[in-house]
Amino acid sequence: MRQLLLNKQLVPREFNKVARRYDFATYLSQGYQEDLDHSATLMGLSGSEQVLDLCCGTGKSTLACLQVLPHGTVTGVDNSAGMLEVADSKLQPEVAEGRVTLHLGDAMELDFPDASFDAVFMAYGLRNMPDYGRALEGISRVLRPGGVLCIHDYSLAPGWWARLYWAVLGYGFIVPFCTLLSGSADIYLYLIRSVLTFPSPQSIEQLCTQHGFTQATTHHHRSWRRPILHTIIARKG
Ligand SMILES: C[S@@+](CC[C@H](N)C(=O)[O-])C[C@H]1O[C@@H](n2cnc3c(N)ncnc32)[C@H](O)[C@@H]1O
């Protein structure tokens, strides 16, 4: 695993290991679904759009998108077959109705046609990309002009307080607790480290504007994640 601390190519293998217990772990993480639901509302959709849920995992973010899309569709993409299997079994009715389609694929190599989505929702995904700029360029390509991008991720507020909060929470609680629960420490150690090295919300806004987006704004959450979780909303120019 000590390799995983730096190598994001190993991420899908690690998510495969914890896929079956992922929903239980996040269920215990108070407010996890509510924070996703809040970010989905921030996209300001009318309800009939085609949304790409990048790094959809076990489908919790897909459910958040569906909630704001009574007449729309969601395409979920993830590169962990194990996580997608859980999403597929959970979302059977929506898949059968054609409201949800799930694809095994890499968010860095999207093969959808240009401008095929009205919105892209990416929850806890961008941080796992080996090259943030290239990932944003790919997202921009598949978004229609004026389409909305929502990045929901652990990104630390400026200053020492949020870093200390995350380090204590991560190494003191998340890693020991989730390791006990899932039987694997690796992905949780990676989580703590990847957040400590991920850009601040303001830097993500700048990255968005450097890669074809306008009007990037940061939104906060009311939960205990307030110092560490932010949602960036941007529009394709
Ligand atoms: C922390 S989970 C988040 C899942 C879901 N979005 C949610 O909010 O619960 C991150 C997901 O990103 C996926 N992932 C990481 N890197 C990826 C990549 N390059 N392409 C596609 N999926 C990726 C992982 O397999 C994992 O399922």
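Here the structure is a predicted model, which is why all the values come from computation and not from measurement. Order of appearance sets the numbers: ligands from 1, and atoms from 1 within every ligand. Keep in mind that the numbers below use all heavy atoms, side chains included, and drop hydrogens, waters and symmetry copies.
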task = Give a yes-or-no answer on whether the side chains of Glu205 and Thr218 include a donor-acceptor pair shorter than 3.5 Å.
result = yes
inquiry  = Tell me whether Trp161 at atom CH2 has more than 12 heavy atoms from other residues, nucleotides or ligands lying less than 6.0 Å away.
reply    = no
Donor-acceptor pair between Thr214 and Arg235 side chains, under 3.5 angstrom = no
task = Enumerate the protein residues lying less than 4.0 Å from ligand 1, judged by heavy-atom distances, in chain and residue-number order.
result = Val11, Phe15, Tyr22, Tyr32, Leu36, Cys55, Cys56, Gly57, Lys60, Ser61, Asp78, Asn79, Ser80, Met83, Gly105, Asp106, Ala107, Ala123, Tyr124, Asn128, Met129
query = So with a 6.0 Å cut-off around CD of Gln30, is the heavy-atom count from everything else above 12?
reply = no
message = Any donor-acceptor pair under 3.5 Å linking the side-chain atoms of Ser200 with those of Ser203?
response = yes
Donor-acceptor pairs under 3.5 angstrom involving side-chain atoms of residues 101-108: please list them, not counting sequence neighbours.
from, atom 1, to, atom 2, distance (Å)
Asp106, OD1, Met108, N, 2.8

